[in-house]
S.K.: 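Take a look at the following structure, please.
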Amino acid sequence: MAKKMKTAITPTRAEDYPEWYQQVVRAAELAEPSPVRGCMVIRPWGYGLWENIRGVLDGMFRATGHKNAYFPLFIPLSFLEKEAEHVEGFAKECAVVTHHRLEAGPDGGLVPAGRLDEPLIVRPTSETVIGAMYAKWIQSYRDLPVLLNQWANIVRWEMRTRLFLRTTEFLWQEGHTAHATKQEALEETRRMLDVYEDFAENYMAMPVIKGEKTAAERFPGAVSTYSIEGMMQDRKALQSGTSHFLGQNFSRAQGISFQTAEGSQEFAWTTSWGVSTCLVGALIMTHSDDDGLVLPPRLAPLHVVILPVIHSDDVRAEVLAYCNRVAGELGEVTFNGAAVRVEVDGRDARGAEKMWGWVKKGVPVRLEIGPRDIESDSVFVARRDKTRKERFSLPRAEFVATVATILQEIQDGLFERALAFREENTRKIDSKDEFYEFFTPENRDKPEIHGGFALAHYNGNPDVEQQIKDDLNVTVRCVPLDADAEPGRCIITGEKSPRRVVFAKAY
RNA sequence: CGGGGCGUGGCGCAGCUUGGUUAGCGCGCUUGACUGGGGGUCAAGAGGUCGCCGGUUCAAAUCCGGCCGCCCCGACCA
């Protein structure tokens, strides 16, 4: 008998959270480190998740009037130089292409040859190339608004990487819009932030706080940056989507101007907004447990997996036929506007091993079907959001009739659980001592999971923000948009403050 | 790039301080038998130039030097 493990993932979240995260990514076969430093290979299960994320968001973008387009991976170096703050923000993390050919070198290896007149950078974001095109396309107020989005890969040469959360190359979506008025651009910025909130809460089952970033956290070159912030199970915040109001900064730098109805020449007002494969990391850290991944049904690549229980060869055909029939029936059921995604796992492996594989991959519902179930025309149901002891038998017809309800129940349950977790770990704090105590672990050498979201008053002074960051590695995640104004006094300086802001440690 | 830890079959590790038979162990893998609502049992197998390069030595996984890579913490960031 093998050693009984209590959990499918070791270590547990409480024992070593960062290591647990890596083990889940690996055990669920989401992704792996690649031969290229800092980059990852996204495996089919992880990519399926991303495809679902992309599919839903793409529909939302279209519904709000946007169209997809594609712009080049390479950006002339001179483009980046046009917006001063933008340069400062991204220059340090750009990959640069300087040559276009390889030749045999003296040592037999290949050496770069054919130096480019102007180096190209691999896009860290596309404001500049897209802006260059907008400058050509936009002549008149009649050409506005321009509402485009692109799905692409980008490169940011990060010092430290983590699968999904921060990799050198990652996949994302970037929306870029241009408008005739400031008001319209501001509305667009907020509209897309709302889209992200809707997606995070109703599809990822991840409660988020919508808010505006402070100057320190603002996108380089933006007038204002908004974000949605989720709380992970180690109580750290993860920025899960950003929307930027760029004002006329980029249009001025790139000459995106148009003639108004009155005949004057004005610069357009632009926005940009994006979410990345970092969302997969958010999903993992919001819901998963010590047995591996837990997926919200609306984004799960598979809703129901059927595990045939086959004891002997003489029942094999019958069991498989029954399983396939159930799969067929489930495939006729609609959940969240599409067919239930179901698969019969007929692989030649031991039942327990298959079961654990799917537990670790986070499939919302597992059906175990053997001769006994067939005899009573029922299925044995296991839900990923419940313990293994809570499995139950249900008549086949009843399960087929209620599967969509069960999936929605799981979806809602995950959201409620995540919301309760966030609320338990969110505290209003009104004194500096309590604030410092809240964010200081008991064990300094190996910090336990501690802290959370602190709702505190802060006077808006960047120096104070920096001081807190230096002391505790805690930052202002955002100034919440939906909270009521509540005057108070800054916990550090005692100065008047119109509202509480969200402080937390962050990814 | 700083501080810490680590590189030994697919995965997880022991061995290294005190160099010396064919480098072990658990899981996994292959084959066979027995099992059968669950991370089985038994038996027989396959699989490693001990991260790389150099040095010391009769002899290096083990000692010395250099390099590379990974992980954690920090600075930077979606």
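Reminder, nothing fancy here: chain letters follow the sequence lines and each chain counts from 1. As a basis for the values below, the full set of heavy atoms in this structure was taken, side chains included, without hydrogen atoms, waters or symmetry mates.
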S.K.: Expressed in whole Å, how much space separates the P atoms belonging to B/rC64 and B/rG19?
M.R.: 11 Å

S.K.: Expressed as a whole number of Å, how far does the P atom of B/rC27 sit from that of B/rG20?
M.R.: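 So the two P atoms sit 28 Å from each other.
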
S.K.: What is the distance from CD of A/Glu32 to C1' of B/rG10, rounded to the nearest Å?
M.R.: 11 Å

S.K.: Among B/rC72, B/rA78, B/rC76, which is the nearest nucleotide to the side chain of A/Arg162?
M.R.: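 The closest nucleotide is B/rC72.
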
S.K.: How long is the line joining CD of A/Gln22 and P of B/rC70, in whole Å?
M.R.: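 Checked: the CD to P distance equals 12 Å.
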
S.K.: So if I take every side-chain heavy atom of A/Asn473 and compare against B/rC76, B/rG74, B/rG39, which nucleotide ends up nearest?
M.R.: B/rG74

S.K.: For RNA chain B, please output the secondary structure as dot-bracket, reading 5' to 3'. Pairs are Watson-Crick or G-U wobble, both atom distances under 3.5 Å; mark crossing pairs with [ ], other-strand partners with |, unpaired with a dot.
M.R.: ((((((((.[[[[.)....(...]]]].((((((.....)))))).....[[[[[..)....]]]]])))))))....

S.K.: With rounding to whole Å, what would you report as the distance between B/rG10 and B/rG32 at their P atoms?
M.R.: 24 Å

S.K.: Tell me, please, which residues at least two apart from A/Arg391 pass salt bridge (Lys or Arg N to Asp or Glu O under 4.0 Å).
M.R.: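 Applying salt bridge (Lys or Arg N to Asp or Glu O under 4.0 Å) to A/Arg391 gives A/Glu368.
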
S.K.: Given atom CZ of A/Arg156 and atom P of B/rC77, what is their separation to the nearest angstrom?
M.R.: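 Those two atoms, CZ and P, are 11 Å apart.
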
S.K.: Does a salt bridge link A/Arg372 with A/Glu375, judged by any charged N lying under 4.0 Å from a carboxylate O?
M.R.: no

S.K.: Determine whether the aromatic ring of A/Trp172 stacks with the base of B/rA78, defined as ring centroids separated by less than 5.5 Å and ring planes inclined by less than 30°.
M.R.: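 A stacking contact does not exist, since A/Trp172 is not both close and nearly parallel to the base ring of B/rA78.
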
S.K.: Using atom C1' of each nucleotide, how far apart are B/rA33 and B/rC71 to the nearest Å?
M.R.: 44 Å

S.K.: Tell me whether A/Asp290 contacts the main-chain N or O of A/Arg13 through its side chain, where contact means a donor paired with an acceptor under 3.5 Å.
M.R.: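 Judged by distance alone, yes, a pair lies under 3.5 Å.
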
S.K.: Can you check the A/Ile310 CD1 to B/rU35 C1' distance for me, whole Å?
M.R.: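 Answer to the nearest Å: 16 Å.
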
S.K.: Between A/Glu32 and A/Arg26, does any NZ, NE, NH1 or NH2 come within less than 4.0 Å of an OD or OE carboxylate oxygen?
M.R.: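 Salt bridge absent between A/Arg26 and A/Glu32.
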
S.K.: With rounding to whole Å, what would you report as the distance between B/rA14 and B/rA61 at their C1' atoms?
M.R.: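 12 Å, rounded to whole Å.
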
S.K.: Check A/Glu329 with A/Arg396, please: is the shortest side-chain N to carboxylate O separation under 4.0 Å?
M.R.: yes

S.K.: Between B/rC29, B/rC72, B/rC70, which nucleotide gets closest to the side-chain atoms of A/Glu353?
M.R.: B/rC29

S.K.: Expressed in whole Å, how much space separates the P atoms belonging to B/rC50 and B/rA60?
M.R.: 11 Å

S.K.: Side chain of A/Arg26: nearest nucleotide among B/rA78, B/rG39, B/rC11?
M.R.: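 Within the option list, the nearest is B/rC11.
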
S.K.: Nearest to the side chain of A/Phe170 - B/rA78, B/rG39, B/rA75?
M.R.: B/rA78

S.K.: Of A/Pro371 and A/Phe164, whose closest RNA chain B nucleotide lies nearer the 5' terminus?
M.R.: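 Looking at the nearest nucleotide for each, A/Pro371 comes out on the 5' side.
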
S.K.: Distance check, C1' atoms only: B/rC42 and B/rU35, in whole angstrom units.
M.R.: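 11 Å, rounded to whole Å.
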
S.K.: What nucleotide, of B/rG37, B/rG69, B/rC1, holds the atom closest to the side chain of A/Arg37?
M.R.: B/rG69

S.K.: Toward the 5' end of RNA chain B, which comes first, A/Ile369 or A/Asp16, by nearest nucleotide?
M.R.: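 The answer here is A/Ile369.
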
S.K.: Are A/Arg298 and A/Asn52 linked by a side-chain donor-acceptor pair shorter than 3.5 Å?
M.R.: no

S.K.: Can we say A/Glu217 and A/Lys469 salt-bridge, meaning some charged N sits less than 4.0 Å from an Asp/Glu carboxylate O?
M.R.: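 Salt bridge absent between A/Glu217 and A/Lys469.
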
S.K.: Does the gap between the ring centers of A/Phe219 and A/His86 come in under 6.0 Å?
M.R.: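 Yes, close enough.
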
S.K.: Using atom NZ of A/Lys213 as one end and atom P of B/rC77 as the other, report the distance to the nearest whole Å.
M.R.: 12 Å

S.K.: Rounded off to whole Å, could you give me the NZ-to-C1' distance for the A/Lys354 and B/rG28 pair?
M.R.: 18 Å

S.K.: Hey, does the side chain of A/Arg166 come within less than 4.0 Å of B/rC76's phosphate (OP1/OP2), counting only N and O?
M.R.: no

S.K.: With sugar-phosphate meaning primed atoms plus P, OP1 and OP2, does A/Thr167 contact a base, only sugar-phosphate, or nothing at under 4.0 Å between heavy atoms?
M.R.: base

S.K.: If I take atom CG in residue A/Leu307 and atom P in nucleotide B/rG37, what distance separates them, rounded to the nearest angstrom?
M.R.: 15 Å

S.K.: Under 3.5 Å, is there a donor-acceptor pair between the side chain of A/Glu448 and the main chain of A/Glu442?
M.R.: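 Yes, because the side chain of A/Glu448 sits within donor-acceptor range (under 3.5 Å) of the backbone of A/Glu442.
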
S.K.: Atom CD of A/Gln239 and atom P of B/rC76: how far apart are they, to the nearest Å?
M.R.: 15 Å

S.K.: Looking only at atom P, what distance separates B/rG7 and B/rC13, rounded to whole Å?
M.R.: 8 Å

